[in-house]
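Heads up, the thing below is written out as structure tokens.
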Amino acid sequence: MNVTYFPGCTLRTKAKDLDTWARASAKALGIELIEPDNWQCCGGVFSYAKDEIASKLPSVRALIAARDAGQPLVTVCSACHNVIKQTNHQMQTDPDFALRVNNYLAQDKEPTSYAGETKVLHFLELLRDTVGFDELKKKVVNPLTGKKIAAYYGCLLLRPGKTMQFDDPENPTIIEDFIRAIGAEPVIYPARNECCGGYVALEDPASAKKKSSAVSASAASHGADMIVTACPLCRYNLIKNGSELPVAYFTEILAEALGCKSSASAAESLGVKEAAK
Amino acid sequence: MTKNELKREQILRISGVNPRKCMKCGKCSGTCPSYDEMEYHPHQFVYMVETGDIEPLLKSQSIYKCLTCFACVDRCPRGVEPAKLIEAVRTIAVREKGANHMKPDDIPALLDDEMPQQAIMSALRKYSKA
Ligand code: SF4
Ligand code: SF4
């Protein structure tokens, strides 16, 4: 099956592992991730200001590329996913916003318009709803038996719940189900859907430290061996602020379970505490 | 319309929030992870916008402490969605001439080798006009 794939800037630079292992795993699962030409940065964070138009055009253009290809738009970074999904929702539900976006699109070299037709899927949703966790389980060649893994959802995959429709925002199960499918044991802990401090890390690292260390301490005190996330900034904040557990991307453990990772790099992501790359 | 009333109207319009739906339960502030860093808390944004007490909010550092975590959006029992108001106040503050809270030139000093691009893009979008 072919899908349109929006990697985003961070996956090209500081979060290459999130991207590399998503691609390798997709290939192993028979899914072709097709990157549209000339995609632009989603902007990292969604603006709620109804009159912010131009900064949302990159998301709309990615959505149009997927629609024109007749494919869903798949993201793997939590932040890209949140921005693009919220922008799509705004195109569907805010006629004034949609009109103003379409006024821009009408001036393109090849004029076009958009009304929110594209289905936006996070890679985890693709695994759950398209591949199916039972099918995934059958493809696992290297089950992570005995590994206790804490899923860190953070904010962006889940909230706002009405728009994201990813899972129950207060009691999600998708990443735990994923962890079970690859043979490991999920660890439920209270802070799994609390904020890591996000971009505030840039100008107020002390604020981010408080939030991140509460998350990693919560996971550690519930007996986890490692934490997995889909967000480069969550990973950065947890590692930067002294997580005693290793923090990996969910795509790394997926690739490991599917046997597409060499044992050396697998040991690195699953083994001892590592520094952020 | 006074300048203050004008700003209030603008905040209500670009946020789409109706502060009169608030029942003052304080749940938004109770769930806010940045509560300790804020001078004005999410429920106070709602009340102060309702009563037109806008200037103190525009001048407060609280608008830069919000993490856009959407917790108050999801957990408000009345669907007020306070983060949308905070976004509107911050947007109006940084759109003033010369009022960008963070400039691209400020960034290099704030970076370390691992900081993801996502953080830089997000901070610039939140702290300065597009
Ligand atoms: S979105 Fe902002 S104001 Fe609302 S709970 Fe999160 S940090 Fe607090
Ligand atoms: S949670 Fe909602 S109703 Fe309660 S104080 Fe906050 S805005 Fe008002």
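Remember, it's a predicted structure, so these values are computed and weren't measured experimentally. In the text below, chain A, chain B and the rest are named by the order of the sequence lines, each starting its count at 1.
- Within the model, atoms NZ of A:Lys50 and CD of B:Glu87 stand 12.5 Å from one another, a figure rounded to the nearest 0.5 Å.
- Heavy-atom distances place the side chain of A:Pro169, and not its backbone, under 4.5 Å from chain B.
- For residues 202-211 of chain A, heavy-atom neighbours of chain B at less than 4.5 Å comprise A:Leu202, A:Glu203, A:Asp204, A:Ser207, A:Lys210, A:Lys211, sorted by residue number.
- One distance of note links CG of B:Asp74 with SG of A:Cys155; it measures 10.0 Å at 0.5 Å rounding.
- The part of B:Ile107 that comes within reach of chain A is its side chain, from C-beta onward, which places non-hydrogen atoms under 4.5 angstrom from that chain.
- Ranked by heavy-atom pairs under 4.5 Å with chain B, the first of A:Leu233, A:Thr13, A:Val83 is A:Leu233.
- Each of B:Lys84, B:Arg95, B:Lys129, B:Arg90 was evaluated against A:Glu52; a single residue qualifies, B:Arg95, per the salt bridge (charged side-chain N to carboxylate O under 4.0 Å, His left out) test.
- When heavy atoms are compared at a cutoff of 4.5 Å, B:Tyr127 approaches chain A solely by way of its side chain, counted from C-beta outward.
- Contacts of A:Cys42 with chain B are made by backbone atoms alone, with heavy-atom separations under 4.5 Å and no side-chain atom involved.
- A distance of 6.5 Å separates CG in B:Leu67 from OH in A:Tyr199, rounded to the nearest 0.5 Å.
- Proximity to chain A involves both the backbone and the side chain of B:Gln117, based on heavy atoms less than 4.5 angstrom apart.
- Rounding to the nearest 0.5 angstrom, the gap separating the CG atom in A:Asp51 from the OG1 atom in B:Thr91 is 7.5 Å.
- Considering only heavy-atom pairs separated by less than 4.5 Å from chain B, the leading option among A:Gly198, A:Cys80, A:Gly161 is A:Gly161.
- With contacts defined as side-chain heavy-atom distances shorter than 4.5 Å, the pair B:Gln118/A:Cys231 qualifies.
- Within the 4.5 angstrom heavy-atom criterion, no atom of B:Ala88 approaches chain A.
- Heavy atoms closer than 4.5 Å to chain A are found in the side chain of B:Asp112, but not in its backbone.
- Looking at B:Thr68, the atoms closer than 4.5 Å to chain A (heavy atoms on both sides) sit in the backbone and in the side chain alike.
- Here CZ of B:Phe70 is found 6.5 Å from CG of A:Leu156. Values are rounded to the nearest 0.5 Å.
- Looking at every heavy atom in both residues, A:Pro160 comes nearest to B:Val73 through CB-CG1, 4.1 Å.
- In this structure, A:Arg235 does not pair ionically with B:Glu114, as no charged nitrogen and carboxylate oxygen lie closer than 4.0 Å.
- Put simply, SG on A:Cys9 and CE on B:Met121 are 6.0 Å apart, with the number rounded to the nearest 0.5 Å.
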Exercise answer: donor-acceptor pairs, residues 22-33 of chain B side-chain atoms, under 3.5 Å, sequence neighbours excluded:
from	atom 1	to	atom 2	distance (Å)
B:Ser29	OG	B:His43	N	3.1
B:Ser29	OG	B:His43	ND1	2.6
B:Thr31	OG1	B:Arg75	NH1	2.7

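- With a 4.5 Å cut-off on non-hydrogen atoms, A:Asn237 does not touch chain B at all.
- In terms of heavy-atom pairs under 4.5 Å with chain A, the best-connected choice from B:Ala119, B:Gly16, B:Ala109, B:Cys69 is B:Cys69.
- The main-chain N or O of B:Asp113 is found under 3.5 Å from a side-chain atom of A:Lys14 such that the two form a donor-acceptor pair.
- Here B:Lys3 pairs with B:Lys7 under the side chain to side chain contact (heavy atoms under 4.5 Å, CB included) rule; sequence neighbours left out.
- Of all residues spanning residues 93-101 of chain A, none has a heavy atom less than 4.5 Å away from chain B's heavy atoms.
- Per-residue heavy-atom pair counts under 4.5 Å with chain B were compared for A:Ala201, A:Gly197, A:Ser47, A:Cys41, and the maximum is reached by A:Ser47.
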